[in-house]
Amino acid sequence: MNLDPPLKSGLPGAGMDTAMVNGMRLLLSGATLLTLFVDPESVGNLSKVTWLIFSAYTLHSLLLYILALLGVTLPQDMLLYWLDVGWYALIVFSTTRHSNLFFLFFFFAILTSSFQRGFEEGARITLASAGLFAATALLGETEVELSRLLLRTTFLLALGYMIAYWGGSAITQRSHLALLRDVSLLSNPRFGVEQTINSVLEKTRSYFNGRSCLLVMQDKDQANWSLRSTLCTGKEVVNTQAILNNEAASPLLGFPPDKIVLYNQPPFPWLPWLGGARMLETDSGRWLRYDAAAGAGLAELLEAHSFISAPLPLRNGKGRLYLVSSTSLSKTDALFLSHIGAQAFPVIENIDLLDRLASQAASREREKIARDLHDTAIQPYIGLRHGLAALRNEAGPGNPLLPALEKLIDMSGQVIADLRSYARTFKNGLVQSEPELLLALRRQASQIREFYGIDIVLKVEGELHINDRLAAEVFQIVNEGMSNIRKHTSARHGVITLACIHGALHISIDNECAATHVPDFLPDSLAERAAALGGGARVTHNILGHTSVQIEIPI
């Protein structure tokens with residue numbers, strides 16, 4: 001069993017109801033004050049200072065409970081734990097008999113801090129509580145039984161550490177489940193394989209606060225390895241991708257293919273046993289020492305203080321996931337990294353399989369459509385051209401229809417050539433010089449300009465890094481925005497702007513507006529489409545009377 005204490009403190013306030021905690025604080029303080037009235041002899045000689053301390057703490061607890069009921073959030077809620085410790089130290093100091101049991105109140109502060117802030121904060125509260133209890137007991141009691149004081153202090157330290165440990169473990173488990181849920185949501189076919197992998201790597205790196213996260217994979221029918229990495233430079237996050245041969249990838253493949261490896265740089269050169277590489281033995285669950293030179297060499301190559309290497313359970317290949325950090329990592333971190341790989345990458349394999357099946361189905365469909373296009377469109381045009389040629393041959397040299405027939409024959413020949421070129425391109429799936437999304441949107445804008453006289457300009461800022469699945473959704477959104485300009489406004493001009501900024505696709509649909517006052521509105525259909533893609537929509541107006549629908553979709 002791994003007994004390393006959790007290194008992460010979790011999210012502030014996670015899993016605890018503030019009103020419940022403040023209510024329990026009020027209950028304890030009120031019950032203690034009531035005890036002084038019912039049985040004052042149980043706490044020895046009561047002075048005015050003792051009554052003042054107990055009454056002030058009860059009022060303090062009542063105020064916090066009222067604020068919690070009103071929904072008021074204190075800016076520094078962490079100070080409440082330390083205030084509780086201070087109050088309990090005063091209570092112990094003011095009750096001069098060493099046999100009193102008010103030292104048990106310290107456990108309330110330890111419990112709340114541990115289950116709200118995690119192990120580190122709970123451990124600090126535990127140490128402070130034990131130190132203050134011992135000091136106040138020595139200063140406040142006239143006759144101190146050192147054996148009883150030592151026993152209570154040890155009891156406070158031991159039980160407080162256990163509470164802090166399990167409180168931190170609970171927070172760590174909740175944060176683990178939250179990340180696994182996020183990873184599962186990221187594994188969405190709509191985003192595509194590359195975008196999904198980059199998102200998983202970045203989420204993993206961010207969770208562990210690592211410097212970089214690397215993925216090295218090889219399909220079973222491929223000779224080379226693919227290396228993807230997410231690196232935090234301090235100012236930005238950089239995603240890279242490269243193809244490596246076996247020799248170049250060998251430093252990352254030196255560990256046993258089915259083993260988890262953890263490396264931490266020793267704090268001092270003369271204490272090598274405090275660091276080095278360790279490998280998890282799956283059968284026994286023990287962490288065994290691995291080749292120290294291999295771990296140190298790879299750490300130097302990765303410029304890492306510590307790293308974790310976990311195998312990936314791939315059906316159609318093999319690979320390893322690396323987390324590189326500038327701080328020490330624990331065995332718990334190593335096990336959780338392997339769980340991330342086991343959760344995310346089988347789903348990514350399924351996405352890749354779906355993409356391949358969709359691509360093959362699309363290829364067969366393109367071939368069918370190309371044949372149908374040839375039979376139902378090109379052949380009739382060829383017949384039409386032959387008929388026009390026959391009419392031209394029957395017409396005499398002086399026939400006034402001869403120029404018109406010549407023009408129709410030329411036009412039909414051009415249409416036949418265009419259709420054949422389009423069918424050939426469509427069948428082979430040739431890459432256009434411009435993305436198909438932009439070509440489709442420009443055709444749509446051209447039709448609106450031709451049929452309705454509305455000039456809509458399409459602008460693209462930078463490069464659009466979106467896959468075909470998302471492009472189809474974006475086409476529907478922009479097409480509906482164009483239709484809204486035509487149906488619901490009197491504008492004769494509009495501008496559509498597409499841009500990928502900070503990991504999100506921004507769509508701006510602008511049109512002029514002659515009305516002096518435009519009521520607030522939000523196109524329901526556009527908002528629903530954006531929400532279905534994980535984004536949002538809003539409408540803005542400027543002083544020039546222009547209306548703009550702003551849509552943001554995370555990619």
Side-chain angles (χ1 to χ4, degrees), residues 2 172-173 175-189 191-208 210 212-230 241 243-244 246 249-263 277-288 290 294-295 298 302 307-325 329-357:
N2 178 20
T172 301
Q173 290 173 4
S175 63
H176 284 181
L177 291 176
L179 179 61
L180 291 176
R181 183 191 65 242
D182 291 342
V183 167
S184 299
L185 293 177
L186 287 172
S187 302
N188 192 323
F191 296 115
V193 174
E194 297 299 329
Q195 184 64 35
T196 300
I197 290 178
N198 289 337
S199 299
V200 170
L201 294 181
E202 170 53 22
K203 282 282 186 180
T204 304
R205 184 209 62 79
S206 177
Y207 175 83
F208 289 100
S212 64
C213 190
L214 295 85
L215 171 66
V216 55
M217 294 176 60
Q218 183 190 46
D219 293 336
K220 63 180 181 181
D221 55 349
Q222 299 291 329
N224 293 326
W225 295 79
S226 65
L227 175 64
R228 298 177 179 88
S229 66
T230 297
Q241 183 175 354
I243 301 297
L244 305 178
N246 290 327
S250 59
L252 299 174
L253 306 173
F255 301 119
D258 59 341
K259 302 297 184 182
I260 304 173
V261 178
L262 168 67
Y263 174 83
R278 286 177 170 81
M279 180 179 65
L280 177 63
E281 185 64 36
T282 309
D283 297 333
S284 62
R286 298 175 56 192
W287 288 87
L288 306 177
Y290 191 69
L298 184 56
L302 298 176
F307 68 83
I308 303 171
S309 176
L312 297 180
L314 302 178
R315 296 186 298 271
N316 298 319
K318 51 187 177 181
R320 297 192 72 85
L321 183 63
Y322 281 85
L323 176 71
V324 179
S325 177
L329 297 168
S330 69
K331 300 171 184 176
T332 303
D333 295 332
L335 290 173
F336 183 54
L337 183 67
S338 68
H339 293 161
I340 294 175
Q343 175 79 14
F345 286 92
V347 180
I348 292 175
E349 276 193 308
N350 292 336
I351 294 175
D352 185 37
L353 177 60
L354 289 175
D355 281 343
R356 293 181 183 180
L357 292 176

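Counting only distance, with no hydrogens or angles, the side chain of S175 and the backbone of T172 share a donor-acceptor pair below 3.5 Å. T204 places a side-chain N or O within 3.5 Å of a backbone atom of V200 that can act as its donor or acceptor partner. In terms of modelled atom types and a separation under 3.5 Å, the side chain of Q241 and the main chain of L227 share no donor-acceptor contact.
Remark: T230 OG1 to K203 NZ distance equals 12.5 Å, nearest 0.5 Å. Rounding to the nearest 0.5 angstrom, the gap separating the OG atom in S338 from the NZ atom in K259 is 12.5 Å. Interatomic distance, Y290 OH to M279 CE, rounded to the nearest 0.5 Å: 6.5 Å. Put simply, CZ on R278 and CG on L262 are 7.5 Å apart, with the number rounded to the nearest 0.5 Å. Between atom CD1 of residue I243 and atom CH2 of residue W225 there is a gap of 12.0 Å, rounded to the nearest 0.5 Å.
Other residues, nucleotides and ligands contribute only 12 or fewer heavy atoms inside 6.0 Å of the NZ atom of K318.
Closest of all the heavy-atom pairs between C213 and R205 is CB-CB, 4.0 Å. For L214 against S229, the heavy-atom pair with the smallest separation is CG-CB, 4.0 Å. Closest non-hydrogen pair, G210 versus L323, comes out as CA-CD1, 4.5 Å. Closest approach of P257 to R320, counting heavy atoms only: O-NH1, 3.5 Å. Residue L302 comes nearest to Y322 through the heavy atom pair CD1-CD2, 4.4 Å, listed as atom of the first residue, atom of the second, then distance. Contact detail for L314 and G319: the closest heavy-atom pair is CD1-N, 4.1 Å.
The closest side-chain donor-acceptor pair between S309 and Y263, if any, does not fall under 3.5 angstrom.
Taking 4.5 Å as the limit, some side-chain heavy atom of L201 sits within range of a side-chain heavy atom of L321. The shortest side-chain heavy-atom distance between M217 and L312 falls under the 4.5 Å cut-off. Counting heavy atoms from C-beta outward, V261 and I308 have side chains that stay 4.5 Å or more apart. At a threshold of 4.5 Å between non-hydrogen side-chain atoms, the residues D333 and F208 count as touching. For the pair L280/L335, a side-chain contact is recorded, criterion being any heavy-atom separation below 4.5 Å from C-beta on. Side-chain contact between L252 and L298 is present, with at least one heavy-atom pair separated by less than 4.5 Å.
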- Query: So V216 and L253, side chain to side chain contact (heavy atoms under 4.5 Å, CB included) or not? Walk me through it.
  - Reply: CA-CA 9 Å; V216 55; L253 306 173; 4.2 Å; yes
